[in-house]
Amino acid sequence: MQDPLEVLHRVFGHAGFRGLQEEVVRHAVAGGSGLVLMPTGGGKSLCFQVPALCRPGLGVVVSPLIALMEDQVAALRQQDIAAAALHSELPPEEARAIWRDLDAGRLKLLYVSPERLTGEATLARLDEMRIALFAIDEAHCVSQWGHHFRPEYRALPVLAERFPQVPRLALTATADPRTVQDIQRQLRLEESPLFRASFDRPNIRISAQPREQERAQLRGFIKRAGDGNGAGLIYCGSRRKAEQTAEWLRADGQDALVFHAGLEPAEKREAHRRFARGDAVVMAATIAFGMGIDRPDVRFVAHTDLPRSPESWYQEIGRAGRDGLPAEALLLYGAGDIALARHRIQESTASDEQKRVERQRLDAMVAIAEASTCRRQILLRCFGEEAPLPCGHCDLCQSPPKLFDGTVAAQKLLSAVLRTGRRFGVGHVVDVLLGKATDKVAQFGHDQLPTFGVGRDLPESAWKSVARQLVAQGALDVAVENHGELVPTEAARPILRGEQSVMLREELVAPVAAARRGRAAVPVDGAVQADPVFAALRDWRRRMAAAQGVPSYVIFQDRTLAEIAATLPRDLDALSQVPGVGATKLERYGEAVLRILRECE
Ligand code: ADP
Ligand code: ZN
């Protein structure tokens, strides 16, 4: 048995384990099974890769996506680890070659799709082999509670039955209690320990804004967060919107791609491949683009529509900044989104129990969007974590919104809705409040109403904000199945009667401007990005990656290049001290890196 720490240093070139990794690794090396919950970017892969290398025999990794398997295998091979991926799209002769290697004991890690693994032919052959461990990646795919259910995962209990002596590690970034229980039950892990890491990802700066001028807001965000370095994701609420977004981004000169469930399998693979390989690509996608995004240098994630739960949102924004460097998340949302999501739940065919759960999740998401104190604290509370202090690294910590007693404004708006007969959307209601003489006002005689013009004290944008906040607080509903007319709910009554006051936020009109202030102290900052040595190293890396047909980060990650640029090692020995430079990479690339450093002198 090999020593885990020694494997971590020698093979992966990392200085030490992070957080829970060591505990998980030691448990698995000793033959234990368990479930590991870590946020995206938390470092789940090492939790099973290190024990697989330490223990005798083959490590078998179940993974739901071919692109994900292939990138992990490419990264492992860079570290001289004998790894291969077995899945249904492999040409038969390649599959045969992998089996030959397996039979000869030449492989150390095998990535395999669940359907391939649980077929009798595969199981029978694995029976003959020594297995170091089974790792079940993206384990939430086994649960019907999540949005990523994969029926093939339901066959996995066979592993516990056929290989009771072999440790099984399940890993996921979904911490929602229901899903967790479901995974434990489905994968027969009830008796095994649960390793739950903190879900805080302090390097991701989070922000949310009402959606006003979506394109301008996204442009500003991309410019600040991306600056042409690293990749970005823009999540859209529909396929059509993803297509449109990719289109205007391209017209803007971005290298923009699109991904959604409506693409052909080959198109999907190509999109995955281009996203993994491209340098400064922006992917406009629906949430179908999720698993398999292994790039550690995703610099920003934006949502143009309200996600359905804090879990989904966090999983999606968690794809940013896995390398630990600064990353940005922006959520754009409108009152219509909230109402639409509520209606979808109402109209769905789910059980009452499930509807209740979905409603709670949505309300939690709305609370984050409409928060007036530290967004991260509210978010972490959804995962059962109490952060004692405001984070200092979200939009609300950096520019706290002012609250004002908006009871009178709320009453004016609600009564304008009632007086116009609950038949109009926010635009017309606001026109009435502002006393605008539009055609519609004339047509319906709304200039005769007592509420006509009572809102001239506030600008139009403020009234829209009042309407949105009342929707968020549940006092107003938007009839999305009709024409988006505003409808007061029961909760509006005590407000109208003056029995309940309403606190509203003064909206920040241009909060994007604050985006770059007060970032967390992490090593690669703008200065490093501009460093010519770093740029030269990146150039070299791009050429190496292209020549080998692998993503840049499997050669060296940004963080490693930044460290090299900062410390300027003069020989191989010094270079080997840089985190991320393991023995194999030193041998392969050490001289080339030193040559570049000499050229830069
Ligand atoms: P996850 O699968 O949990 O999203 P990964 O396993 O992809 O996360 O790891 C995220 C990033 O963190 C990777 O770039 C990886 O190289 C890095 N990483 C993981 N563990 C360590 C460690 N102990 N020291 C330094 N970097 C690490
Ligand atoms: Zn905060």
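- Closest non-hydrogen pair, Pro39 versus Ser198, comes out as CD-O, 3.3 Å.
- Gln213 meets the side-chain contact (heavy atoms from CB on, under 4.5 Å) test with Ala216; sequence neighbours excluded.
- Salt-bridge formation is not detected for the pair Glu214/Arg219: no Lys NZ or Arg NE/NH1/NH2 atom is positioned less than 4.0 Å from an Asp or Glu carboxylate oxygen.
- Salt-bridge formation is not detected for the pair Arg342/Asp337: no Lys NZ or Arg NE/NH1/NH2 atom is positioned less than 4.0 Å from an Asp or Glu carboxylate oxygen.
- Residue pairs satisfying the ring-ring contact (aromatic ring centres under 6.0 Å, His included) criterion with at least one member in residues 198-217, sequence neighbours excluded, are listed as follows: Phe199-Phe383.
- Looking only at distances, a side-chain donor or acceptor of Thr245 sits under 3.5 Å from a matching main-chain atom of Lys241.
- Contacts classified as salt bridge (charged side-chain N to carboxylate O under 4.0 Å, His left out) and involving residues 194-204 (residues at least two apart or in different chains) are given here: Asp200-Arg376.
- The heavy-atom pair separating Ala562 from Phe534 by the smallest distance is N-CE1, 3.5 Å.
- In summary, of the residues considered (Thr174, Leu68, Leu65, Val62), a side-chain contact (heavy atoms from CB on, under 4.5 Å) with Glu138 occurs for Leu68 alone.
- Within the structure, side-chain hydrogen bond (donor to acceptor under 3.5 Å, both in side chains) contacts touching residues 25-42 (residues at least two apart or in different chains) are Glu22-Arg26.
- Here the CD1-CG distance, from Ile338 to Asp305, works out to 11.5 Å after rounding to the nearest 0.5 Å.
- Within the cation-pi definition used here (under 6.0 Å to the ring centroid, within 45° of the axis), Arg295 qualifies as a partner of Phe275.
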In residues 2-12, what donor-acceptor pairs under 3.5 Å come from side-chain atoms, sequence neighbours left out?
{"from": "Gln2", "atom 1": "OE1", "to": "Arg10", "atom 2": "NH2", "distance (Å)": "3.0"}
{"from": "Asp3", "atom 1": "OD2", "to": "Glu6", "atom 2": "N", "distance (Å)": "3.3"}
{"from": "Glu6", "atom 1": "OE2", "to": "Arg10", "atom 2": "NE", "distance (Å)": "3.0"}
{"from": "His9", "atom 1": "ND1", "to": "His14", "atom 2": "O", "distance (Å)": "3.0"}

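- In summary, Asp323 and Arg299 engage in a salt bridge, as defined by a charged side-chain N under 4.0 Å from a carboxylate O.
- Around the CZ atom of Arg493, the shell of radius 6.0 Å holds no more than 12 heavy atoms that belong to other residues, nucleotides or ligands.
- Between the side chain of Gln79 and the main chain of Gly13, no donor-acceptor pair closer than 3.5 Å is present.
- Judged by distance alone, the side chain of Gln411 and the main-chain N or O of Ile495 form a donor-acceptor pair under 3.5 Å.
- Remark: side-chain polar atoms of Asp395 are paired, donor with acceptor, to backbone N or O of Ala208 under 3.5 angstrom.
- In this structure, the side chain of Tyr333 does not engage the main chain of Arg211 through any donor-acceptor pair within 3.5 Å.
- Between His272 and Phe259, the distance from one ring center to the other falls under 6.0 angstrom.
- Remark: aromatic rings of Phe149 and His140 are distant, center separation not under 6.0 Å.
- Gly59 and Ala52 make their closest contact through CA-CB, 4.0 Å (heavy atoms, listed as atom of the first residue, atom of the second, distance).
- Looking at Glu358 and Lys355, no side-chain N of the basic residue comes within less than 4.0 Å of a carboxylate O on the acidic one, giving no salt bridge.
- In terms of heavy atoms, Ile204 sits closest to Ala329 at CG2-CB, 4.0 Å.
- Panel note: side chain Glu328, backbone Arg224; no donor-acceptor pair is recorded below 3.5 Å.
- In this structure, the side chain of Arg150 engages the main chain of Pro64 through a donor-acceptor pair within 3.5 Å.
- Applying the side chain to side chain donor-acceptor pair (under 3.5 Å) criterion to Thr407, with sequence neighbours excluded, gives Asp405.
- Here the side chain of Gln377 pairs a donor or acceptor atom with the backbone of Ala387 at under 3.5 angstrom.
- Within a 6.0 Å radius of NZ in Lys412, more than 12 heavy atoms belonging to other residues, nucleotides or ligands are found.
- The pair Arg505-Glu370 meets the salt-bridge criterion, with a side-chain N (NZ, NE, NH1 or NH2) lying under 4.0 Å from an Asp/Glu carboxylate O.
- Nearest heavy-atom pair across Cys47 and Gln21 is SG-CG, 3.9 Å.
- Side chains of Leu218 and Leu249 form no contact here, defined as non-hydrogen atoms less than 4.5 Å apart.
- Judged by distance alone, the side chain of Thr567 and the main-chain N or O of Glu563 form a donor-acceptor pair under 3.5 Å.
- Side-chain atoms of Lys44 come within 3.5 Å of backbone atoms of Met38 as a donor-acceptor pair (strictly under, hydrogens ignored).
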